[in-house]
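Computed from a predicted model, the values in this text were never measured in an experiment. Note on naming: letters A, B, ... go to the chains in the order of the sequence lines (proteins, then strands), and numbering restarts at 1 for each one. No hydrogens, no waters, no symmetry mates; every other heavy atom, side chains included, goes into these values.
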Amino acid sequence: MNNPDNKTPTRARFAPSPTGSLHIGNARTALFNDLFAKKTRGTLILRLEDTDLERSSAAFEREILESLKWLGIAWNEGPDRGGPAGPYRQTEREKTYREMAEALVEKGMAYRCYCTEESLEERRKAQLAKGLPPGYDGRCRHLSPEERADFERRGVPFTLRFRVPAEESVAFTDAIHGDIRFMSDSITDFILIRSNGMASYNWAVVVDDSAMGVTHVIRGDDHISNTPKQLLLYRALGRTPPRYAHHPLILGLDGKRLSKRHGATAVSQFRREGYLPQAIVFYLVGLGGIVPSDGPLLRPEEIVKAFDLSGISKGAAIFDHKKLLWINGRFIRELPMATLYHHLSPFLKNWGVMNAFDQEKQEAIIACGRDNAQLLTDFKVIFDIFLTKPDAGSAFAGEGEKDISRGILEIFAESCQETETLDEQGYISAAKAAMKRSNQRGKRFFMTLRRALTGMEHGPELTNIIPILGKEEVVSRLNHALEQL
RNA sequence: GUCCCCAUCGUCUAGCCUGGCCCAGGACACCGGCCUUUCACGCCGGCGACAGGGGUUCAAAUCCCCUUGGGGACGCCA
């Protein structure tokens, strides 16, 4: 579906509803649309589906836009930046939905339904109990003029329902799944306009996509069964439907659709936890089978180049947190320092690193800890090594070893003093000299140094840590440790 | 329940369209080893799958059918 007749420029859209954070599954939909638009040199539209007045909020809207931007998803038209196909918020198109629905009523393709929600709910339950598919039973479909007049006289609120034609075959070719066919009989009359006057999902989508000139609809698998409804609507409207691509959903470890109870799912949360946007994007496209996730780390342009809708795998994929972590670690290790630093700086500010060290030193520390980090937040421990003098005392081995430890530290301190500059080479020779003089070496020797200098048993190599600490600080820490012994 | 979608190692996948090169390749995870002053990184090795059954064919992971399993939809949510 890479724009077969490339006469018409492609127009794709991502249409989240601001009723929650942008979660990883929606992010993938957004990403696919973004990649498709970029690949075909088309347009990406961002549209807010805020017709659920109860649950939509401005805060969620802000968070969604922010998360999208952070992921590097760039829309050309949207609520925040306008465009020729506005409005980009469904609540602002309210009037159009109603007028167009009324026009359908005029033509007999839609009708007023006076059923109450409670009654509908009861009937649905009854259907289910009888083993029938739940769905509208068509009660108001053939109201007599008298009955209708009666409802109107009593001022009963109504919805506008689409009159689904019988025995029609609705087929479409999905870019990912191939041919899909439904019979209209499996679809019951659905609501176009709710009793509060607001459009319902399927209607708003069709009116919008049509008005906005959307050529390609790329969305989750869960919308496959909405597609025939929308196709019927296009038919009623006499308009050409877009092309469709339904990608599979992301599932949790238990095989159920990914949700909050599977742990972190919001993009903003991943961001806070120290994931890189590059890693998330790379993981997400890898999940779809677009790029091999074990292959080389790709730059955004390369991902665009590799992107192909028809290459997306059909089966649902389970979200594997461990693999994401691994990918994140790879990016931390392989990203250019400038890029890594950029993503790390908000964290550095929080940790009070900014005023403690100049950028050069910060970068040296980052380089020193890279191999030990999988998340950006893992750098906290690394920076702590340099930020605070360790409380080494408790970290030393048993009573009997105190004298040995003392000897090692004293002698190593001397060796350091004798060394001109304690760079990597200087450290190595100081250590060699100290080993000879103290007659200690190997694990005991180095672990003693490590504990005295960092207060921890694990961490980056001392050859990387010591040059950054510098001679003065090293000696100071050694003395500090000696005092505690 | 009805309709729709899907089905290769625990997980993500390659292979499937255009049958033989596949007693199925890679990666994550896991296990073992190496490197090493520690953890990590890195390197080497191991474990581990064509859901089942029928066809078609000289030959099927690959094509067809059925079964099973999973997912989704069926809402005045999107």
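In this structure, A:Asp179 atom CG and B:rC17 atom P are separated by 18 Å, rounded to whole Å. Regarding A:Leu284, its CG atom lies at a distance of 19 Å from the P atom of B:rU11, rounded to whole Å. A:Leu324 has its CG atom 14 Å from the C1' atom of B:rA29, to the nearest Å. Going from atom CG of A:Leu287 over to atom P of B:rC28 covers 15 Å, rounded to whole Å. Atom NE2 of A:His177 and atom P of B:rC16 are 19 Å apart (whole Å). Separating the CD1 atom of A:Ile312 from the P atom of B:rU13 is a distance of 11 Å, rounded to the nearest angstrom. Atom NZ in A:Lys323 sits roughly 13 Å away from atom P in B:rG26 (whole-Å rounding). Rounded to whole Å, the distance from CE on A:Met435 to P on B:rU37 is 9 Å.
Remark: the separation of the C1' atoms in B:rC16 and B:rC76 is 45 Å, to the nearest Å. Comparing B:rC30 with B:rC74, their C1' atoms sit 42 Å apart, to the nearest whole Å. Taking the C1' atoms as reference points, B:rG42 lies 8 Å from B:rC35, given to the whole Å. The C1' atoms of B:rC5 and B:rG10 are separated by 24 Å, rounded to the nearest whole Å. Nucleotides B:rA73 and B:rA51, compared at atom C1', are 25 Å apart to the nearest Å. Spacing between B:rA29 and B:rC9 at atom C1', rounded to whole Å, works out to 12 Å. Annotation: B:rU13 and B:rU67 have their P atoms spaced 27 Å apart (nearest Å). Separating the C1' atom of B:rG45 from that of B:rA27 is a span of 16 Å, rounded to the nearest Å.
At the heavy-atom level, A:Ser313 lies under 4.0 Å from the strands shown only through sugar-phosphate atoms. A:Leu462 comes within contact range of at least one nucleobase, with a heavy-atom separation under 4.0 Å.
A:Asn226 and A:Tyr201 share no side-chain donor-acceptor pair at under 3.5 Å.
A:Thr388 pairs by the side-chain hydrogen bond (donor to acceptor under 3.5 Å, both in side chains) definition with nothing, not counting sequence neighbours. Legend: residues meeting side-chain hydrogen bond (donor to acceptor under 3.5 Å, both in side chains) with A:Thr463, ordered by chain and number and at least two apart, are A:Glu461.
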(request) Summarise how protein sits on nucleotides 70-78 of chain B as a single string, 5' to 3': B when a protein heavy atom is under 4.0 Å from the base, S for sugar-phosphate-only contact, - for no contact. (result) -SSSBSBSB
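A cation-pi arrangement is present between A:Arg161 and A:Tyr136 under the rule of less than 6.0 angstrom and at most 45 degrees off the ring axis.
With both pairing distances under 3.5 Å, B:rG45 is matched to B:rC31 as a Watson-Crick or G-U wobble pair. Base pairing annotation: B:rU68 forms a Watson-Crick or G-U wobble pair with B:rA7, both donor-acceptor distances under 3.5 Å. Across all strands shown, B:rG1 forms a Watson-Crick or G-U wobble pair with B:rC74, both key distances being under 3.5 Å. Across all strands shown, B:rG19 forms no Watson-Crick or G-U wobble pair with both key distances under 3.5 Å.
For A:Lys389, the NZ atom is densely surrounded, since the number of other residues' heavy atoms within 6.0 Å is greater than 12. Within a 6.0 Å radius of CZ in A:Arg181, other residues, nucleotides and ligands contribute 12 heavy atoms or fewer.
Just one residue in the list A:Asp174, A:Thr29, A:Asp221 forms a side chain to side chain donor-acceptor pair (under 3.5 Å) with A:His247, and that residue is A:Thr29. Checking A:Phe319, A:Tyr275, A:Trp326 one by one against A:Tyr283, the ring pair (Phe, Tyr, Trp, His ring centres under 6.0 Å) holds for a single residue, A:Phe319.
Ring geometry, A:Phe162 versus A:Phe190: the interplanar angle falls from 30° to 60°, so the pair is classed tilted.
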Measure all distances between protein nitrogen or oxygen atoms and nitrogen or oxygen atoms of nucleotides 62-65 of chain B, and list the pairs falling under 3.5 Å.
none

So which protein N/O to nucleotides 39-43 of chain B N/O distances come out below 3.5 Å?
residue : atom : partner  : partner atom : Å
B:rC39  : O4'  : A:His458 : ND1          : 2.8
B:rC39  : O2   : A:Asn372 : ND2          : 2.4
B:rC39  : O2   : A:Gly459 : O            : 3.4
B:rC39  : N3   : A:Gly459 : O            : 3.1
B:rA40  : O2'  : A:Asp371 : O            : 2.4
B:rC41  : O3'  : A:Arg333 : NH1          : 3.1
B:rG42  : OP1  : A:Arg333 : NH1          : 3.2

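Between A:Leu324 and A:Ala279, the closest heavy-atom pair is CD2-O, 4.0 Å.
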Which pairs would a plain distance check flag for residues 14-22 of chain A, meaning a side-chain donor or acceptor within less than 3.5 Å of a matching protein atom at least two apart in sequence or in another chain?
residue : atom : partner : partner atom : Å
A:Ser17 : OG   : A:Thr19 : OG1          : 3.2
A:Ser21 : OG   : A:Glu63 : OE2          : 3.1

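The pair A:Arg148-A:Glu152 fails the salt-bridge criterion, with no side-chain N (NZ, NE, NH1 or NH2) lying under 4.0 Å from an Asp/Glu carboxylate O.
The side chain of A:Asp320 approaches B:rU11 more closely than any other nucleotide in the set B:rC12, B:rU11, B:rC4.
Ring-centre distance between A:Phe158 and A:Phe151: not below the 6.0 Å cut-off.
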